[in-house]
Every structure is written in C-alpha cells, then in structure tokens.
Amino acid sequence: MRIRAIKVYQVLLPVKGGAYRMASDTVQNLDSTLVEVTTEDGLSGWGETCPIGPVYQPQHALGARAAIAEIAPGLIGEDTASMRRLAKRMDERLNGHNYAKAALDIALLDLAGQRLGVPVSTLLGGALTDRVPSYYSTTVGAPDETARIAADKVNAGYPRLQIKIGGRDLEQDVATVHKVWEAVGFKARIAVDANRGLTAAAALHIDRLCQAIPFAFEQPCNTMEEVAGLKGRVTHPIYLDESTEDLNAVLRAVSSGIADGFGLKVTRLGGLTKMATVRDLCAIRSLPHSCDDAWGGDVIAAACVHLAATVEPRRFEGAWIAQEYIEGHTDPANPIVIENGHIRVPQIPGLGVKPERSQLNAPIATF
Ligand code: 0XW
Ligand code: MG
C-alpha cells in the first residue's frame with residue numbers, strides 16, 4: 001500500500017511540577033513532534049520524536065521538523081511493504097538526523113502492525129513478557145528530598161531508580177548518593193546519572209567516596225574518550241547514554257569494552273528498527289540496557305514499551321517514559337501508564353495508541 005500523505009503536528013508538554021533539572025540543563029516545557037503517515041486505503045501510523053530541549057544532546061525540536069520536511073516529500077507514493085526500502089529512501093533524502101527518521105520509522109512500524117494485525121513488539125522479534133519494568137528518574141535536588149522521593153517510588157513498586165547528579169558541589173552529589181542508598185538499600189537497583197556533567201577528576205572522587213554503594217555510573221563525563229579514561233580506575237560499572245549517538249558509537253563502545261551497559265534512547269539511535277539492532281548487539285556481550293526516550297507522550301512511550309518487551313529480562317534496565325512528569329495523554333482512550341513501577345505492553349495491532357484529534361492542534365506541515 002502506498003503512502004498518500006504525511007502530516008506533522010507540534011505538541012507542547014509542560015513539565016509537571018515546573019522544571020526537570022539535570023547537570024547539563026533544566027527544562028520546563030518540551031516541544032514534541034508527531035508524524036501521521038497515511039496510506040492510500042486511509043490507514044494511519046503514528047510516530048513521535050521529542051528531544052529534551054536543545055542542550056541535552058545535539059538533537060532539537062526544530063531540527064527534527066526541518067529534517068522531516070526534507071525527507072517526507074520523498075516518501076509520498078512509496079510502497080510501505082518494505083521497511084528497508086523506505087529506510088534507504090530516507091537516507092537518499094538526508095544524511096544523518098536519525099532522531100527525525102526515528103519518528104517516521106515508528107509510524108511505518110505502527111502501520112505495518114495494523115496491516116498485519118500484530119502488535120509492534122511482534123514485528124520486533126516477539127515479546128518475552130506482557131509487562132515491563134520502568135524506572136524512576138529524579139531531578140537534581142537536595143540530598144534529603146531526593147532520598148525521600150526515592151523511598152516513595154520504591155514503595156510504589158519501581159524496581160530501579162536513576163539518581164541525577166552533577167552541575168553543583170561534589171559534596172551535594174556524594175551526600176545524595178549516600179542518602180538514597182540509606183533510604184532504599186537493596187530494595188531497588190540504582191543508577192547515578194551525571195548527564196555528561198562531571199570532570200574525570202570529580203567522577204573519580206564520587207566513585208571513591210561512594211565505593212561500597214552498588215550503582216551503575218551513567219554518562220559521568222561529556223565524551224566517550226573521557227569515559228574510556230575512567231575505565232580501570234573506577235570500581236562502579238559505567239553506562240553510556242548521551243555518547244550513544246548512533247549505531248557506530250554503540251558498536252565502538254561494545255567492541256572496545258568502554259561500557260558495561262547503556263541508557264538507550266530510541267529516537268537518538270534512529271528508531272525501533274535500529275534500536276532492535278542495538279538490542280541484539282548488547283545481547284552478544286550480555287550487556288544490560290534500558291529502553292527510553294528523551295521525553296514525549298503516549299506514542300513514544302508505546303514505542304519504548306514494545307521494544308522493551310523483546311529484551312531479555314535479566315539484562316533489562318527498564319523503560320523510562322515521561323508520564324510521571326507530564327499531565328494528560330495524547331491518547332486518553334488507551335494511554336501508556338506506569339502501574340506499580342511497571343507498564344503493560346499494548347496487545348492490539350500496531351503501537352496500540354492513537355493520538356486523539358481533540359488533543360492536537362492543526363498540522364503544522366502536510367506533505
Ligand atoms: C531519564 N531520562 C531518560 C529522561 C531524560 O531525558 C534524561 C534521561 C537520561 O537518562 O539522561
Ligand atoms: Mg541518562
């Protein structure tokens with residue numbers, strides 16, 4: 001079936017509670033881009049990409065929309081039967097810009113699932129579970145308050161926490177990690193995420209001053225080279241997040257042994273098809289990883305959850321979705337929600353979510 005139209009929508013997602021603080025940036029209102037790909041028989045597939053502001057990573061909302069404008073006209077009239085041909089077509093229109101191609105990849109898989117009558121998880125190789133664990137990610141905050149929130153979230157059923165540090169005094173970061181550990185202990189797995197914000201020296205100090213606390217140290221420094229320099233000098237396992245800019249970066253991190261695991265973003269890597277390749281690469285070396293995106297509503301949440309369901313559970317570090325930090329849903333009829341720290345995998349054909357028209361403004365572009 002051929003593609004008849006691609007519509008682009010902008011959705012603003014204010015942060016519940018006002019602001020989400022990371023070492024690299026504080027965000028208040030996220031700018032999400034939804035794509036609706038319609039085929040000649042009237043079927044629609046949805047995709048989404050929502051970078052967490054323009055500073056967290058090189059990807060940003062206006063860039064996504066500019067890239068989609070470059071790519072989309074070249075997809076009109078194309079047959080949706082071959083995902084590989086459509087990916088090639090996207091690459092012929094624009095070099096790079098994986099995060100924009102990701103929205104289209106997700107929409108095309110949603111279409112394929114609906115057409116074949118299977119959930120997207122089936123297209124990704126098949127689900128191993130019908131309910132995936134999530135994790136709670138704190139904002140950079142005062143040690144006592146962060147520990148209180150951490151304990152609450154563990155009591156609410158989250159099996160894993162990601163504690164944000166960085167962008168402030170070392171003393172505060174070290175105190176936060178200790179207080180969280182005192183509050184939750186072995187009741188949850190812990191990642192400590194500095195979002196690129198530490199110098200190698202600061203990362204070495206935190207590692208030493210929190211020696212006995214079992215956490216994964218996520219993206220402590222800005223570049224993969226800086227993180228590689230920590231290897232053998234820190235005792236905590238190191239996970240990469242922002243440095244996984246594309247499949248080549250992941251391949252490099254896996255093959256060189258720089259990373260002990262990953263915080264992965266579906267859109268940064270180029271969508272679910274590329275994310276499935278990363279999942280399989282990680283499996284070869286028994287590497288744990290999450291399945292997240294930077295931000296976004298129900299469409300990107302559904303995409304993360306479908307892929308999450310296909311990951312070997314013993315290595316799965318959780319699917320992070322923005323639901324705890326946003327009000328409302330783009331699909332109030334079938335929202336993706338966290339219940340007891342876990343998320344049910346949609347069982348209906350395609351992604352299992354469809355933004356409700358009344359929740360959307362008019363398209364900002366139509367191709
Ligand atoms: C916790 N996250 C998945 C949400 C924000 O985008 C930051 C991110 C991370 O792990 O860096
Ligand atoms: Mg991270």
Side-chain angles (χ1 to χ4, degrees), residues 13 15-17 19-32 48-61 64 99 102 132-141 146 149-150 153 158 160-167 173 188-198 203 215-224 227 236-245 249-250 253 259-269 275 278 288-297 300-301 303-305 307-308 316-326 336 338 341 343:
L13 301 170
V15 177
K16 209 197 270 182
Y20 183 73
R21 180 176 165 198
M22 297 169 289
S24 49
D25 196 19
T26 298
V27 293
Q28 289 164 337
N29 198 6
L30 284 317
D31 182 349
S32 191
E48 182 174 14
T49 187
C50 182
I52 175 167
V55 172
Y56 172 77
Q57 54 190 20
Q59 297 76 23
H60 67 117
Y99 65 117
V132 297
S134 184
Y135 66 90
Y136 189 83
S137 170
T138 63
T139 165
V140 176
T146 305
I149 294 169
K153 296 300 173 185
Y158 279 96
R160 185 176 188 258
L161 299 167
Q162 185 201 62
I163 306 301
K164 295 287 191 200
I165 62 160
D173 285 342
R189 297 196 312 290
I190 301 172
V192 172
D193 189 356
N195 287 113
R196 307 186 285 115
L198 302 177
F215 64 80
F217 213 163
E218 183 168 328
Q219 195 72 46
C221 306
N222 188 23
T223 62
M224 210 190 288
V227 176
H236 291 94
I238 294 198
Y239 284 19
L240 288 175
D241 177 354
E242 289 92 320
S243 288
T244 58
E245 291 204 341
V250 176
D260 300 298
F262 295 99
L264 294 174
K265 303 284 181 287
V266 171
T267 55
R268 188 172 60 222
L269 287 166
M275 184 81 172
V278 171
H289 63 86
S290 67
C291 185
D292 320 322
D293 218 83
W295 211 265
I300 200 67
C304 292
V305 168
L307 197 285
F316 188 52
E317 291 285 25
W320 185 88
I321 62 172
Q323 184 230 307
E324 289 263 23
Y325 288 100
I326 48 183
I336 303 294
I338 300 168
I343 310 168

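Indexing begins at 1, ligand by ligand and atom by atom, following the structure's order. For reference, positions follow the sequence shown, starting with 1.
The pair K265-D293 fails the salt-bridge criterion, with no side-chain N (NZ, NE, NH1 or NH2) lying under 4.0 Å from an Asp/Glu carboxylate O.
When heavy-atom distances to ligand 1 are checked against a 4.0 Å cut-off, Y325 has no atom that comes that close, whether in backbone or side chain. Residue contacts with ligand 1, taken as heavy atom pairs separated by less than 4.0 Å, do not involve Q57 at all.
Atoms of ligand 1 found under 4.0 Å from any heavy atom of K164, numbered from 1 in the order shown, are 1 (C), 7 (C), 8 (C), 9 (C), 10 (O), 11 (O). Taking a cut-off of under 4.0 Å to the non-hydrogen atoms of D193, the atoms of ligand 1 that pass are 9 (C), 10 (O), 11 (O). Every atom of ligand 1 with a heavy atom of E218 under 4.0 Å away is listed here by number and element: 10 (O).
E317 and S290 make their closest contact through CB-N, 3.8 Å (heavy atoms, listed as atom of the first residue, atom of the second, distance).
Taking distance alone, with nitrogen or oxygen atoms compared against 3.5 Å, E242 stays at or beyond that limit from ligand 1.
The Mg ion (ligand 2) has no N, O or S atom of E242 closer than 2.8 Å.
Between Y136 and Y158, the distance separating the two ring centers is shorter than 6.0 angstrom.
Seen from the Mg ion (ligand 2), atom OE2 on E218 and atom OD2 on D241 lie at an angle near 100° (rounded to 10 degrees).
Scanning the protein for heavy atoms near atom 1 (C) of ligand 1, the closest one is Q162 OE1, 3.1 Å. Scanning the protein for heavy atoms near atom 6 (O) of ligand 1, the closest one is A294 O, 2.6 Å.
Ring pair F217/H236 is perpendicular by interplanar angle, where above 60° counts as perpendicular and below 30° as parallel. The aromatic rings of W295 and Y325 sit tilted, their planes meeting at an angle between 30° and 60°.
Ligand 1 has no atom lying under 4.0 Å from any heavy atom of Q219.
Looking only at side-chain heavy atoms (C-beta outward), K164 and R21 stay at 4.5 Å or farther from each other. Residues Q219 and S243 form a side-chain contact, since some pair of their non-hydrogen atoms from C-beta on lies under 4.5 Å apart.
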